[in-house]
Amino acid sequence: GQRRDEEAATSAESFAVIEAARDASVKECERLAAVVADQTAEATDLEANIAEMSATVVTLQTEVASLEDTVREFETELTEAQDTITAANGEATQSALTITQLRDELVQ
């Protein structure tokens, strides 16, 4: 009788230790699951930030391309204006020569 009682007490103690270990394991698993959930949420936020930055980069690249086109247009217009000025200077020089010749002829 007493031996059986001792075995029962030992079994109860063993069971209590096992229960405590199981409870601790469950708590640790829950803690780890919460950590994983936090990290997953952080990763999702980072992915959203990266997508937003990528979209901004694409927008900036488009704006840069547009500005480069505008610069090329201005350069073309500037070249045309310089050509026009050069032609006008040539005409002015020719007119001055013609005027000089006419004056010389009138003086004679």
Side-chain angles (χ1 to χ4, degrees):
Q2 186 179 355
R3 182 169 167 85
R4 186 168 280 166
D5 288 346
E6 285 173 8
E7 285 176 5
T10 303
S11 291
E13 285 173 20
S14 296
F15 185 74
V17 169
I18 291 168
E19 280 275 289
R22 185 186 62 87
D23 290 349
S25 293
V26 168
K27 279 195 173 73
E28 181 62 6
C29 286
E30 287 169 353
R31 188 190 70 77
L32 290 174
V35 169
V36 168
D38 284 350
Q39 289 178 344
T40 301
E42 256 181 63
T44 301
D45 288 349
L46 289 173
E47 285 172 356
N49 288 346
I50 289 168
E52 196 176 309
M53 288 176 187
S54 296
T56 302
V57 167
V58 170
T59 300
L60 290 173
Q61 287 171 335
T62 303
E63 288 176 15
V64 167
S66 176
L67 289 172
E68 287 171 346
D69 289 345
T70 302
V71 168
R72 273 192 292 279
E73 288 170 20
F74 281 145
E75 286 171 345
T76 301
E77 288 174 19
L78 181 60
T79 301
E80 289 170 1
Q82 287 169 335
D83 291 347
T84 302
I85 289 167
T86 301
N89 283 340
E91 289 172 19
T93 302
Q94 192 60 48
S95 296
L97 288 175
T98 302
I99 289 167
T100 302
Q101 287 173 342
L102 288 173
R103 191 192 68 216
D104 290 350
E105 287 173 17
L106 288 173
V107 167
Q108 288 176 353

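- The structure places CD of Gln94 at 5.0 Å from OG1 of Thr98, a figure rounded to the nearest 0.5 Å.
- If you take CD on Gln39 and OG1 on Thr44, they are separated by 11.5 Å, rounding to the nearest 0.5 Å.
- Separating the OG1 atom in Thr40 from the CG atom in Asp45 is a distance of 11.0 Å, to the nearest 0.5 Å.
- Residue-environment remark: CD (Glu7) exceeds the threshold of 12 foreign heavy atoms within 6.0 Å.
- In this structure, Asp104 CG and Ile99 CD1 are separated by 12.0 Å, a value rounded to the nearest 0.5 Å.
- Interatomic distance, CD1 of Ile18 versus CG of Asp23, reported as 12.0 Å (0.5 Å rounding).
- Side-chain contact between Ile50 and Ser54 is present, with heavy atoms from C-beta onward closer than 4.5 Å.
- Partners of Arg103 according to the side-chain hydrogen bond (donor to acceptor under 3.5 Å, both in side chains) rule, which considers only residues two or more places apart in sequence or in another chain, do not exist here.
- Considering only residues two or more places apart in sequence or on other chains, Arg3 meets the side-chain hydrogen bond (donor to acceptor under 3.5 Å, both in side chains) condition with none of them.
- Here the CD atom belonging to Gln101 is positioned 6.5 Å from the CG atom belonging to Leu97, to the nearest 0.5 angstrom.
- Between Glu19 and Arg22, at least one side-chain N (NZ, or NE/NH1/NH2) sits under 4.0 Å from a carboxylate O, which counts as a salt bridge.
- Between Glu75 and Arg72 there is no salt bridge, since no side-chain nitrogen of the basic residue lies less than 4.0 Å from a carboxylate oxygen of the acidic one.
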